[in-house]
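One structure below.
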Amino acid sequence: MIEIRGLAKSYGAHQALKGITLSIRPGEFVVVLGPSGAGKSTLLRCINRLATPTAGDIVVDGTPFRSSARDLRLLRRNVAMIFQQHNLVKRLSVLKNVLVGRMADLSPILSSLQLFPEADVKIARHCLEQVAMAHKADSRADALSGGEQQRVGIARALAQQPKFMLADEPVASLDPKTSRIVLSYLKKSCKESNIAVLCNLHQIDYALEFGERIVGLSAGEVVYDGPPSGVSGDVIRRIYPGLDDPNVLDAAQRLTERRRAAAESVIAAEAAEERA
């Protein structure tokens, strides 16, 4: 269980986060939905302490994490991050990029020499299999498409073997079809590994399609926390103040069904091609 208790962040007089409290179960895929400036990225950066919160605690399996060097190391070992930009080392192979996720458990000498135990290599290869990228293990990262690079980023995060995964707009730079493929692999692989996920999105249809639970964030506050089925037009307007189009939700739901079917078809074709 991951618990976020009273998380707040201020920049001078501006309150970016206003006492966020959430609990996320192992294997749960939670989407944070909200417009730009709602505080979504600040929330994730405060959770993994890339930004220092003004107040609040992060608790993993009953253990609170503060700001000591020891707690930060343990927190970042338990919490993996997927960024909007893929952040791969382009000159390294796909496999070595995934092995970066194992470096926290290596001695400094082995890490600097990029010498990984066979057990770590096995973990990395399994993580590539989870995102259907095992056949690209020896390719250079800069030879991959944007969607493939993001799937390697997911595999790298999985290789860390975290309890909690944060994904900050992981498909913002991808086209719609590739976005759904990437989100499908992210959700499926984390389910297989029983990893809790908090994924920031601003697209309503993606959130309804992939989220098991939607957390609506607006102006630094949680304005909705519940299942996708409860995201009514009124909820959308609370998340996106000023939006007054009753057709937005219906259109998103129709798109969700069509695009889910299209993404599943592509994934099945890729799996068949890899087996061939």
> Among all residues two or more places apart in sequence or in another chain, which pass the salt bridge (charged side-chain N to carboxylate O under 4.0 Å, His left out) test with K122?
Replying inline: none

>> Taking the side chain as everything from C-beta on, heavy atoms only, tell me whether E212 gets closer than 4.5 Å to K191.
In response: yes

> Minimum heavy-atom separation for L95 to V121, with atom names?
Replying inline: CD2-CG1, 4.3 Å

> Passes side-chain contact (heavy atoms from CB on, under 4.5 Å), L158 versus S189? Steps please.
Replying inline: CA-CA 8 Å; L158 290 169; S189 57; 3.6 Å; yes

> If you round to the nearest 0.5 Å, how far is CG of L7 from OG1 of T42?
Replying inline: 10.0 Å

> Is there side-chain contact between I20 and C46, with at least one heavy-atom pair below 4.5 Å?
Replying inline: no

> Can you pull the side-chain hydrogen bond (donor to acceptor under 3.5 Å, both in side chains) pairs that have at least one residue in residues 4-20, sequence neighbours excluded?
Replying inline: E3-R5

>> What I'd like to find out is whether the side chain of V171 reaches to under 4.5 Å of the side chain of Q150, using heavy atoms alone.
In response: no

Quiz: residues 32-40 side-chain donor-acceptor pairs under 3.5 angstrom, not counting sequence neighbours:
from	atom 1	to	atom 2	distance (Å)
K40	NZ	G34	O	2.9
K40	NZ	P35	O	3.0

> Hey, what do you get for CG (L128) to NE2 (H135), rounding to the nearest 0.5 Å?
Replying inline: 10.0 Å

>> Taking side-chain contact (heavy atoms from CB on, under 4.5 Å) as the definition, give me every residue that meets it alongside L74, ordered by chain and number, with sequence neighbours left out.
In response: F65, R70

>> Suppose we screen for side chain to side chain donor-acceptor pair (under 3.5 Å). Which residues come up paired with D168, at least two apart in sequence or across chains?
In response: S41, N200

> Rounded to the nearest 0.5 Å, what separation is found between the CG atom of L201 and the CG atom of L183?
Replying inline: 6.0 Å

> With a 4.5 Å heavy-atom cut-off, do S23 and I4 have their side chains touching?
Replying inline: no

> Do I154 and F83 share a hydrophobic cluster (ILVMFWY, side-chain heavy atoms under 4.5 Å, transitive)?
Replying inline: no

>> With rounding to the nearest 0.5 angstrom, report the CG to CZ distance, N78 to F164.
In response: 11.0 Å

>> Going by the rule side-chain contact (heavy atoms from CB on, under 4.5 Å), which residues pair with V30 if we only count those two or more places apart in sequence or in a different chain?
In response: I24, E28, L198, R213, V215

>> To check you understand the geometry: which heavy-atom pair defines the closest contact between S139 and L144, and what is its length?
In response: CB-CD2, 4.5 Å

> What are the two closest non-hydrogen atoms of F29 and F210, and how far apart are they?
Replying inline: CD2-O, 3.4 Å

>> For residues V31 and L44: do they belong to one hydrophobic cluster (side chain heavy atoms under 4.5 Å, members Ile, Leu, Val, Met, Phe, Trp, Tyr)?
In response: no

> Can you name the nearest heavy-atom pair linking P162 to I195, along with the distance?
Replying inline: O-CG1, 3.5 Å

> Can you name the residues that form a side-chain contact (heavy atoms from CB on, under 4.5 Å) with A8, not counting sequence neighbours?
Replying inline: A55

> Side chains of R151 and K136: does their closest heavy-atom pair fall under 4.5 Å?
Replying inline: no

> Is there side-chain contact between L88 and R156, with heavy atoms separated by less than 4.5 Å?
Replying inline: yes

> So if you build clusters from Ile, Leu, Val, Met, Phe, Trp, Tyr with side-chain heavy-atom gaps below 4.5 Å, do M165 and L75 land together?
Replying inline: no

>> The criterion is side chain to side chain donor-acceptor pair (under 3.5 Å); which residues satisfy it with K187, sequence neighbours excluded?
In response: none

>> Has E148 got a side-chain atom pairing as donor or acceptor with S145's backbone, closer than 3.5 angstrom?
In response: yes

>> So, using side chain to side chain donor-acceptor pair (under 3.5 Å) as the criterion, who are the partners of K90 when residues are at least two apart?
In response: none

> Out of curiosity, does I58 fall in the hydrophobic cluster containing I82 (side-chain heavy atoms, cut-off under 4.5 Å, transitive links)?
Replying inline: no

> Just wondering, do V197 and C190 contact through their side chains at under 4.5 Å, heavy atoms?
Replying inline: yes

> Rounded to the nearest 0.5 Å, how far apart are CG of L43 and CZ of R45?
Replying inline: 12.0 Å

> What are the two closest heavy atoms between Y185 and V131, and how far apart are they?
Replying inline: CD2-CA, 3.8 Å

> Same hydrophobic cluster for V98 and L166, using side-chain heavy-atom links shorter than 4.5 Å among ILVMFWY?
Replying inline: no

> Salt bridge between R125 and E129, side-chain N to carboxylate O under 4.0 Å?
Replying inline: no

> Between S218 and Y240, is a side-chain contact (heavy atoms from CB on, under 4.5 Å) present by the stated rule, with each step listed?
Replying inline: CA-CA 7 Å; S218 182; Y240 295 88; over 6 Å; no

> Is there a donor-acceptor contact under 3.5 Å from the side chain of R180 to the main chain of K177?
Replying inline: no

> Can you tell me how far the CD atom of E169 sits from the CG atom of L174, to the nearest 0.5 Å?
Replying inline: 11.5 Å

>> I'd like to check the side-chain contact (heavy atoms from CB on, under 4.5 Å) partners of P26; sequence neighbours left out, ordered by chain and number.
In response: N194

>> Taking R77's backbone N and O only, do any of them form a donor-acceptor pair with Q160's side chain (distance below 3.5 Å, no angle check)?
In response: yes

> Which residues pass the salt bridge (charged side-chain N to carboxylate O under 4.0 Å, His left out) test with D61, sequence neighbours left out?
Replying inline: K163

> If you take all heavy atoms of L217 and V222, which pair is closest and at what distance?
Replying inline: CD1-N, 3.9 Å

>> If only side-chain N and O atoms count, and only distance matters, is there a donor-acceptor pair under 3.5 Å linking Q130 with S193?
In response: yes

>> Does any part of the side chain of P53, heavy atoms only, come nearer than 4.5 Å to the side chain of L17, both counted from C-beta?
In response: no

>> List the residues meeting side chain to side chain donor-acceptor pair (under 3.5 Å) with R140, not counting sequence neighbours, and say none if there are none.
In response: D142

